[in-house]
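One structure is given below, encoded as structure tokens.
Reckoned from all heavy atoms, side chains included, excluding hydrogens, waters and symmetry mates. In what follows, chains are A, B, ... by sequence order, proteins preceding strands, each numbered from 1.
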Amino acid sequence: MTTAHRSELNKEQIEAVETIEGPLLIIAGAGSGKTRVITYRIACMLSSGIPQKAILALTFTNKAAREMQERVRELTGKKLAGLSISTFHAFGVRVLRSHIHRLGYRENFSIYDVADQHDLLKETAREIAFSLESVDTTKLLALFSRVKTRMMPMAELAIAYQELYREYQSHMKLYNAVDFDDLIALPIKLLESFPDVLVEYRNQFRYVLVDEFQDTSRQQYRFMKLLGHSSGNVCVVGDDDQSIYSWRGADFGNILEFEKDFPGCREIKLERNYRSTDTILAAANGVISHNKNRKGKNLWTGTKGGKPIELYYPEDDRQEGLFIAEKIKTLAMREGLKYHDVGVLVRTNSLFRSLEEAFLAENIPYRTTGGQSFFQRKEIKDIIAYLRLMANPDDDISLLRVLNTPRRGIGKRTLEQITELAVSRGASLHTGIQAALHAADSPLPPKAQGDLHAFLDLIEEYRPRFLAKKKLGDTLKAFVEDIDYWAHLVAENQKSDKAAKWKYRNIEIFIGIVRDYERDPDNQNSGVFDFLNRISLNSRDEPDPKDSSGKINLMTIHAAKGLEHEVVFLAGVEEHLIPHARAIEENPDNIEEERRLFYVAITRARQKLFITACRKRRVMREIVESLPSPFLEEIPESLMQLMEMDEPVETDEAVDYFARIKAQFASGG
DNA sequence: TAGGCCAAGATTTTC
DNA sequence: TCTTGGCCTA
């Protein structure tokens with residue numbers, strides 16, 4: 001490492017950067033310069049002669065992966081074609097793309113998201129005449145996921161569900177489809193069952209780095225261990241206080257496990273915070289200290305003071321939105337605050353709406369991360385389903401989605417008949433349809449045969465064009481016009497042609513994304529499979545992540561992890577929202593994770609933190625009374641200022657602010 | 001048998 | 001508010 005680089009780091013950071021060989025555990029508190037340490041460390045490895053190809057850095061989100069890649073590139077000024085920086089899931093796809101045939105799948109596999117899983121579950125249940133009535137399919141899929149990720153033995157699954165699970169799994173295989181759990185589970189299976197594959201990866205990746213280690217699942221840990229255990233050159237970076245993904249299997253017990261599995265591991269704690277003011281940090285420490293289940297550390301900062309945290313109680317969510325919008329405008333005008341330095345954080349996606357309405361009304365440009373993804377929109381999913389079907393004709397879920405979209409006169413009865421045929425042959429629907437059309441004794445009436453024929457012809461006509469590794473965008477455009485998706489949208493949205501236009505516009509944007517993808521020199525010759533994989537793994541990303549400047553950032557707290565903003569607004573800091581009622585209902589112990597979430601939210605702020613809690617809120621159709629979040633009581637009072645919606649209240653007057661506010665709520669405001 | 005129309009239900013967080 | 005599912009009609 002050069003002296004210039006060294007001078008930018010503190011003692012612990014330097015140690016973390018320069019410890020290249022052997023297992024290393026870095027506990028990096030919020031704002032402690034973690035990203036800097038990771039990027040410098042990679043740069044240091046490269047400059048010491050370790051080839052790019054030998055390094056594997058695993059992150060949790062695509063955004064983190066991109067950022068890391070970007071920062072290392074800036075730092076080294078090198079092209080990084082050989083460096084592997086990706087999410088666990090993306091890396092899993094990469095492994096599967098090379099080796100999945102050994103597990104009996106084909107390389108053109110589809111990746112199913114939750115919506116697809118639901119569809120598949122229903123389809124499977126229908127076929128084996130299993131009634132899903134009065135079954136919460138979301139919960140059932142969660143159970144399936146636990147079985148698949150070995151968090152729960154199959155035997156613990158209710159007998160009644162075991163067959164359904166097996167059928168569900170065999171359907172996935174029949175459709176040549178995998179789900180997100182498979183993206184980790186199948187690579188593990190590959191590495192465990194085929195020593196030559198294991199050796200291949202171990203020989204290549206002699207240095208493994210895992211970011212956001214507290215959010216790795218048991219499976220991901222297992223995967224990581226398989227890859228890194230022989231070299232022992234594994235560096236994990238995490239912060240148990242920021243573990244907020246346990247609902248997805250994250251287990252920060254992996255930190256303890258790591259110390260056991262990698263004996264002699266070095267541990268470095270980064271506790272100096274370079275991000276936030278003393279006030280914000282003290283608030284965060286005050287909150288997180290209420291958690292019992294933590295490793296324990298104390299963040300400190302060299303800078304003293306900082307502006308107080310301002311607390312507001314708007315009447316309702318509408319007023320909350322307008323207040324935040326106004327406040328941002330005022331700060332922009334009076335203090336020169338830049339919009340892109342503002343983060344507006346919420347616990348749930350459902351809070352986006354009223355905030356977005358306010359920003360629109362006040363002409364404040366914003367961008368959102370999280371929330372309903374562009375790729376989840378119905379019209380986009382339709383088009384993606386066509387692409388998937390082209391890539392993998394056995395993908396029944398996609399076939400079912402588009403078979404009658406736009407309407408082709410293929411109805412329930414026909415569908416029943418072809419399903420029966422497919423099931424009896426143990427084949428996919430696509431194969432089933434072909435068989436039905438070619439068999440002399442086809443049970444289908446002539447009209448249905450004609451309709452199905454037309455459908456298959458359409459697929460066959462376009463399939464080679466989609467598989468050709470060129471002009472994907474043009475082909476898609478021609479295809480959308482050919483099926484007259486526009487007419488379909490008009491028919492589906494008879495009440496408002498605005499909606500139809502908006503949806504068609506989305507399709508055009510999507511085609512634009514395909515074109516951008518093709519134009520990107522990094523992706524040349526990659527084709528439809530790679531494109532599909534990419535959008536499956538990037539499902540939460542907005543289509544244009546580039547133009548972030550000049551826009552405020554509206555996001556969920558989960559999406560905000562790893563980010564920082566000069567000014568942060570925490571909206572909807574209310575009981576039942578944070579801690580979220582559902583999380584607590586599920587398991588009262590979840591309170592600690594909810595608290596960590598609140599902690600993560602607070603520590604995103606550099607200079608100034610605003611907190612709002614509404615007295616009333618629109619929830620679905622009704623208006624409900626709200627109370628402030630109990631977590632607010634865990635912030636030392638001296639750090640907070642209760643503000644009237646218009647003017648500030650003197651601090652000493654506000655000593656009992658919390659009690660007063662509670663009383664006010666109790667009396668109905 | 002297919003498609004339109006109407007009513008009910010749903011919202012925690014993401015790869 | 002938006003989507004999904006069921007029922008009824010042509």
Expressed in angstrom and rounded to an integer, what is the separation of [X] atom [atom1] from [N] atom [atom2]?
{"X": "Asn62(A)", "N": "dT14(B)", "atom1": "CG", "atom2": "C1'", "result": "10 Å"}
{"X": "His576(A)", "N": "dT12(B)", "atom1": "NE2", "atom2": "C1'", "result": "15 Å"}
{"X": "Leu577(A)", "N": "dT12(B)", "atom1": "CG", "atom2": "C1'", "result": "10 Å"}
{"X": "Glu416(A)", "N": "dA2(B)", "atom1": "CD", "atom2": "P", "result": "10 Å"}
{"X": "Asp179(A)", "N": "dC15(B)", "atom1": "CG", "atom2": "C1'", "result": "11 Å"}
{"X": "Asp211(A)", "N": "dT14(B)", "atom1": "CG", "atom2": "P", "result": "18 Å"}
{"X": "Ile584(A)", "N": "dT13(B)", "atom1": "CD1", "atom2": "P", "result": "16 Å"}
{"X": "His488(A)", "N": "dG3(B)", "atom1": "NE2", "atom2": "C1'", "result": "13 Å"}

Does Ala185(A) offer a backbone N or O that forms a donor-acceptor pair with the side chain of Asp182(A) under 3.5 Å?
no
Asn108(A) (side chain) donor-acceptor with Ala391(A) (main chain) under 3.5 angstrom
yes
Contact nearer the 5' end of DNA chain B, comparing Thr138(A) with Thr61(A):
Thr138(A)
Assuming nearest nucleotide by heavy-atom distance, tell me which of Gly409(A) and Ala583(A) is located more 5' along DNA chain B.
Gly409(A)
I want to verify a distance call: between [options], whose nearest atom is closest to the [X] side chain?
{"X": "Arg582(A)", "options": "dT12(B), dC15(B), dG3(B)", "answer": "dT12(B)"}
{"X": "Val114(A)", "options": "dC15(B), dG4(B), dT12(B)", "answer": "dC15(B)"}
{"X": "Thr414(A)", "options": "dG4(B), dT14(B), dA2(B)", "answer": "dA2(B)"}

May I ask you to say what [X] touches in the nucleic acid, namely base, sugar-phosphate or nothing, with a heavy-atom cut-off under 4.0 Å?
{"X": "Lys561(A)", "value": "nothing"}
{"X": "Asn404(A)", "value": "sugar-phosphate"}
{"X": "Glu357(A)", "value": "nothing"}
{"X": "Tyr245(A)", "value": "sugar-phosphate"}
{"X": "Arg413(A)", "value": "sugar-phosphate"}

Do Arg347(A) side-chain and dT13(B) base share a donor-acceptor contact under 3.5 Å?
yes
Give a yes or no on whether a donor-acceptor pair under 3.5 Å exists between the nucleobase atoms of dT13(B), that is its base, and the side chain of Trp247(A).
yes
If you look only at distance, which donor and acceptor atoms sit under 3.5 Å apart when one is on a side chain in residues 413-422 of chain A and the other is two or more places apart or in another chain?
residue, atom, partner, partner atom, Å
Arg413(A), NH1, Glu416(A), OE1, 3.1
Thr419(A), OG1, Leu415(A), O, 2.6

Between the side chains of Gln214(A) and Glu212(A), does any donor sit under 3.5 Å from an acceptor?
yes
For a quick check under 3.5 Å, do Asp181(A) and Thr149(A) share a side-chain donor-acceptor pair by atom type?
no
Taking only the side-chain nitrogens and oxygens of Ser536(A), find out if one of them lies under 4.0 Å from OP1 or OP2 of dC15(B).
no
Roughly how far, to the nearest 0.5 Å, is CG of Asp251(A) from CD of Gln220(A)?
11.0 Å
Between Arg401(A) and Arg353(A), who's closer to the 5' end of DNA chain C by nearest nucleotide?
Arg353(A)
Could you tell me the boundaries of the chain A footprint on DNA chain C, defined by atoms under 4.0 Å from its heavy atoms?
dT1(C) to dG5(C)
So that I can tick it off, tell me whether Lys148(A) and Asp179(A) are bridged by a salt bridge, with the cut-off set at under 4.0 angstrom between side-chain N and carboxylate O.
yes
May I ask you to say whether Lys447(A) pairs ionically with Asp451(A), meaning some side-chain N is under 4.0 Å from a carboxylate O?
yes
